[in-house]
Number of protein chains: 2
Amino acid sequence: MTRPPADVGMAADEIDTPALVVDLDAYERNLDRMASYLAGKPVRLRGHAKTHKCPVVALDQVARGAVGVCCQKVSEAEAMVYGGVRNVLVSNQIVGAPKIRRLVGLARQAEVAVCVDGPGNVRDLDQAARAFGVRLGVLVEVNIGMNRCGVEPGEPAVALARLVAAQPGLRFLGLQAYHGRAQHIQDLEKRRETVETAIGHARSTVDLLKRDGLACEIVSGAGTGTYQFEAASGIYTEVQAGSYVFMDADYKRVQGFPAEFENALFVVATVMSRPVPERAVVDAGLKALAVDSGMPVVRDRPDIEFQRASDEHGMLALRDPGAALRVGDRLWLIPGHCDPTINLYDWYVVVRRDRVEALWPITARGAVL
Amino acid sequence: MTRPPADVGMAADEIDTPALVVDLDAYERNLDRMASYLAGKPVRLRGHAKTHKCPVVALDQVARGAVGVCCQKVSEAEAMVYGGVRNVLVSNQIVGAPKIRRLVGLARQAEVAVCVDGPGNVRDLDQAARAFGVRLGVLVEVNIGMNRCGVEPGEPAVALARLVAAQPGLRFLGLQAYHGRAQHIQDLEKRRETVETAIGHARSTVDLLKRDGLACEIVSGAGTGTYQFEAASGIYTEVQAGSYVFMDADYKRVQGFPAEFENALFVVATVMSRPVPERAVVDAGLKALAVDSGMPVVRDRPDIEFQRASDEHGMLALRDPGAALRVGDRLWLIPGHCDPTINLYDWYVVVRRDRVEALWPITARGAVL
């Protein structure tokens with residue numbers, strides 16, 4: 001684990017760079033907004049811990065009403081459970097004996113569930129669960145239009161659910177029905193159309209299951225870009241939003257309801273070179289910022305464009321060559337994509353009103369197993 | 001730090017996934033090839049540690065004749081020095097009091113040099129070096145066509161070198177003259193042209209400095225894509241190749257002389273879903289593979305295309321829907337870009353002839369400060 005780039009009590013200006021900085025006021029407002037949106041509805045938040053990778057954030061979500069978290073890897077689930085989270089859904093397929101052993105072992109420590117999309121995996125999970133003396137909760141993952149993992153909706157999903165329900169080591173809990181790419185469709189109406197079709201697949205599958213005597217205690221899915229659609233569907237019981245906590249440059253381009261959330265996460269960088277008036281270089285490149293969803297945006301400086309990143313350099317173009325920007329100046333960058341950016345760091349530097357109030361360890365950083 | 005995905009003595013098939021795996025035979029052949037190419041030439045290797053971030057690899061380079069390593073961050077330099085490397089060049093500008101203090105402190109522990117491209121930074125370094133009672137080696141970084149950091153060649157570089165030479169806490173060592181983007185120009189002749197122009201800028205600056213009584217003990221630069229040009233220039237004394245150790249999918253598209261190096265680095269992934277015959281999903285996405293220079297390539301399986309990555313999923317398209325590929329099968333992926341991929345992992349799993357022979361800690365993983 002790397003050294004933290006700051007100490008508690010420091011002024012924000014003293015944080016060493018590049019550093020991953022949380023604006024605590026904005027973060028708390030984001031958490032509160034999601035909690036008040038869901039208050040009184042028959043839908044609860046299951047915060048996606050693949051975004052934040054930090055039990056401190058997970059417990060803040062649970063304190064505001066979240067049922068628990070979901071995550072994508074067993075090692076993330078371990079970090080959450082041992083960080084105090086009592087209910088974790090691995091919203092993914094877990095394949096291979098070592099990971100399955102750890103998963104069922106973890107189910108002795110807390111409420112743990114997992115997703116399946118094929119019969120072989122169902123049998124492997126059942127066998128391991130029985131060997132550990134646990135009854136593992138299982139959701140059938142349905143492909144509602146994303147074309148990634150998941151069985152097809154309708155009869156194929158029902159057949160797999162029947163298989164799950166027939167295993168003594170497993171407990172059929174319901175459906176995982178998530179459409180990841182829909183989250184980022186910028187136009188609100190197009191996004192609504194895509195998600196309504198997806199919700200239709202989930203609904204018809206839930207109905208078929210009910211006719212088969214297989215009630216869905218849980219129907220889980222949705223994200224920051226679509227959560228209001230699934231929350232209003234009448235069939236989803238959980239929304240798996242993650243990015244709403246921090247937001248990023250890519251989500252800020254998505255129109256409509258994610259707009260109520262604020263950018264609460266920044267990579268603070270220092271200008272290390274200003275070789276010519278039109279160009280400057282900061283100390284944050286590919287190893288400090290994920291660029292898979294576009295370049296970061298410079299906060300409060302629309303005159304500066306972050307043009308490209310090499311391993312450890314960020315190249316800035318200055319629209320006004322006369323603009324003030326000197327070696328040693330700091331810029332607050334809004335990452336293009338928060339999840340893989342957070343995964344580069346061991347520490348959140350948590351700032352309130354220009355003072356470092358806490359350092360939160362990113363316990364599940366690098367947890368790919 | 002995360003748990004290692006394997007134990008020494010395991011069969012390669014038992015490595016948990018995703019894992020960053022080194023083919024030790026290919027790795028050693030790559031190191032040997034560079035060493036024999038440079039043997040007898042007036043040019044030495046300064047291995048770029050920003051690629052491997054691992055003192056074990058650095059010491060393997062030194063054992064084969066490298067003068068030491070270069071790196072981009074003070075925290076990387078610390079990892080190298082405390083891992084046993086005695087000569088480290090920070091081939092970058094180091095800005096800000098906390099980092100400069102650590103840099104000059106480190107110069108008491110080993111031979112440490114740094115690059116500058118502006119007068120303010122020269123004065124800051126000098127002041128800190130004198131406070132620590134060290135004389136810090138300094139290279140003037142010249143912009144030889146990359147348009148990132150660096151003073152312009154010729155008179156501006158000479159003026160800055162004079163300023164360095166006049167500081168009692170600093171020792172002028174020579175020039176940093178690197179053209180990063182030239183490394184990846186695929187066509188050999190176009191690459192040669194770009195680098196010959198760049199070398200011309202370095203040469204004229206070296207000549208001007210000599211006339212001024214400022215001898216360049218070191219002229220450092222070059223990378224895996226161009227090292228033979230700089231090595232033949234007569235003015236470069238060091239080549240800063242990094243990627244040659246492991247190679248990656250992007251460098252393998254570069255024509256001409258990097259072709260002698262083999263792919264020695266892989267991300268081993270497991271198929272976690274095969275929902276339809278045309279599509280499969282592996283357990284390695286954006287947090288297991290850097291995609292800034294393109295998608296990974298599947299080794300030995302030209303029938304499978306790695307199409308896109310989401311946070312924890314890799315989507316594969318199968319050209320032959322009848323092809324054998326089952327849930328639980330393993331694929332060896334050649335990363336698109338080795339440097340930022342390595343930075344995602346805490347461990348190299350080092351394999352020789354299908355057996356795990358060692359686990360090497362990636363000590364400088366996440367070392368951005």
Side-chain angles (χ1 to χ4, degrees), chain A residues 1-3 5 14 16-19 50 72-73 75 92-96 98-99 117-118 120-121 143 147-152 180 270-276 279 281 283-284 286-288 290-292 309-313 315 326-328 337 339-340 343-346 365-369, chain B residues 1-3 5 14 16-19 50 72-73 75 92-96 98-99 117-118 120-121 143 147-152 180 270-276 279 281 283-284 286-288 290-292 309-313 315 326-328 337 339-340 343-346 365-369:
Chain A
M1 186 181 264
T2 53
R3 79 173 72 207
E14 297 175 278
D16 204 359
T17 68
K50 82 180 172 90
Q72 302 287 71
K73 300 282 184 175
S75 49
N92 208 352
Q93 284 64 46
I94 297 304
V95 170
K99 288 195 190 79
D117 71 351
N121 193 219
N143 175 24
N147 295 333
R148 196 170 66 183
C149 301
V151 282
E152 291 305 300
T270 298
V271 176
M272 50 187 272
S273 183
R274 174 98 187 258
V276 292
R279 198 170 76 230
V281 182
D283 59 359
L286 294 172
K287 295 176 192 165
V291 300
D292 60 276
S310 48
D311 280 334
E312 292 87 3
H313 298 80
M315 267 64 75
R326 291 185 303 185
V327 170
H337 187 181
D339 299 27
N343 189 49
L344 298 168
Y345 292 88
D346 292 313
R365 202 285 322 156
V368 288
L369 298 181
Chain B
M1 186 182 264
T2 54
R3 76 173 73 204
E14 297 175 280
D16 203 1
T17 68
K50 82 181 172 91
Q72 302 287 71
K73 299 283 184 174
S75 49
N92 208 351
Q93 285 64 46
I94 298 303
V95 170
K99 289 196 190 76
D117 72 351
N121 192 219
N143 174 25
N147 295 333
R148 194 169 67 182
C149 302
V151 280
E152 291 305 302
T270 298
V271 176
M272 49 187 273
S273 182
R274 176 103 186 256
V276 293
R279 198 170 76 230
V281 182
D283 59 358
L286 294 172
K287 294 175 192 165
V291 299
D292 60 277
S310 49
D311 280 333
E312 292 87 3
H313 298 80
M315 266 65 73
R326 289 186 304 184
V327 170
H337 187 183
D339 300 27
N343 188 49
L344 297 169
Y345 291 89
D346 291 313
R365 201 286 320 157
V368 289
L369 296 182

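All figures in this text were calculated on a predicted structure; none of them were measured in a lab. Order of the sequence lines fixes the chain letters, A, B, ..., with proteins taken first and strands second; residue numbering starts at 1 for each chain.
- Of all heavy-atom pairs between A:Gly150 and B:Ser273, the closest is N-OG, 4.3 Å.
- Chain A forms the most heavy-atom pairs under 4.5 Å with one residue out of B:His337, B:Met315, B:His313, and that residue is B:His313.
- The line from CD of B:Gln72 to CE of A:Met272 is 7.5 Å long, rounded to the nearest 0.5 Å.
- Heavy-atom pairs under 4.5 Å with chain B were tallied for A:Lys50, A:Arg148, A:Gln93; the largest tally goes to A:Arg148.
- With hydrogens and angles ignored, the 3.5 Å screen pairs no side-chain donor or acceptor of B:Lys287 with any backbone N or O of A:Ala367.
- When the salt bridge (Lys or Arg N to Asp or Glu O under 4.0 Å) test is applied to B:Lys73, no partner is found at least two apart in sequence or on another chain.
- Annotation: maximal heavy-atom pairing with chain B below 4.5 Å, among A:Val151, A:Val291, A:Asp283, A:Val276, occurs at A:Asp283.
- For the side-chain hydrogen bond (donor to acceptor under 3.5 Å, both in side chains) test, no residue two or more places apart in sequence or in another chain qualifies with A:Asn121.
- Taking each heavy atom of A:Arg279 and B:Asn147 in turn, the nearest pair found is NE-O, 3.0 Å.
- With chain B as partner, the option from A:Pro5, A:Ser75, A:Gly366, A:Pro18 having the largest number of non-hydrogen pairs under 4.5 angstrom is A:Pro18.
- Taking every heavy atom of both residues into account, A:Val95 and B:Val271 meet most closely at CG1-O, 3.9 Å.
- Interface check for chain A: of the options B:Thr270, B:Leu344, B:Val327, the most heavy-atom pairs under 4.5 Å are formed by B:Leu344.
- For a residue to count as touching a neighbouring chain, one of its non-hydrogen atoms must lie under 4.5 Å from one of that chain's; by this rule B:Asp311 touches chain A with the side chain only.
- If you tally non-hydrogen atom pairs under 4.5 Å between each of B:Pro340, B:Ala309, B:Gly96 and chain A, the highest count goes to B:Pro340.
- Across every non-hydrogen atom of A:Thr17 and B:Leu369, the tightest pair is O-CD2, 3.6 Å.
- For the atom pair A:Asn92 CG and B:Glu312 CD, the distance stands at 7.0 Å (nearest 0.5 Å).
- The pair B:Arg365-A:Asp346 counts as a salt bridge, with a side-chain nitrogen and a carboxylate oxygen less than 4.0 angstrom apart.
- Contacts of B:Asp339 with chain A are made by both backbone and side-chain atoms, with heavy-atom separations under 4.5 Å.
- For B:Arg3, the parts lying near chain A are the backbone and the side chain together; criterion is any non-hydrogen pair under 4.5 Å.
- The greatest number of non-hydrogen atom pairs below 4.5 Å with chain B, out of A:Ala288, A:Pro98, A:Cys149, is found for A:Cys149.
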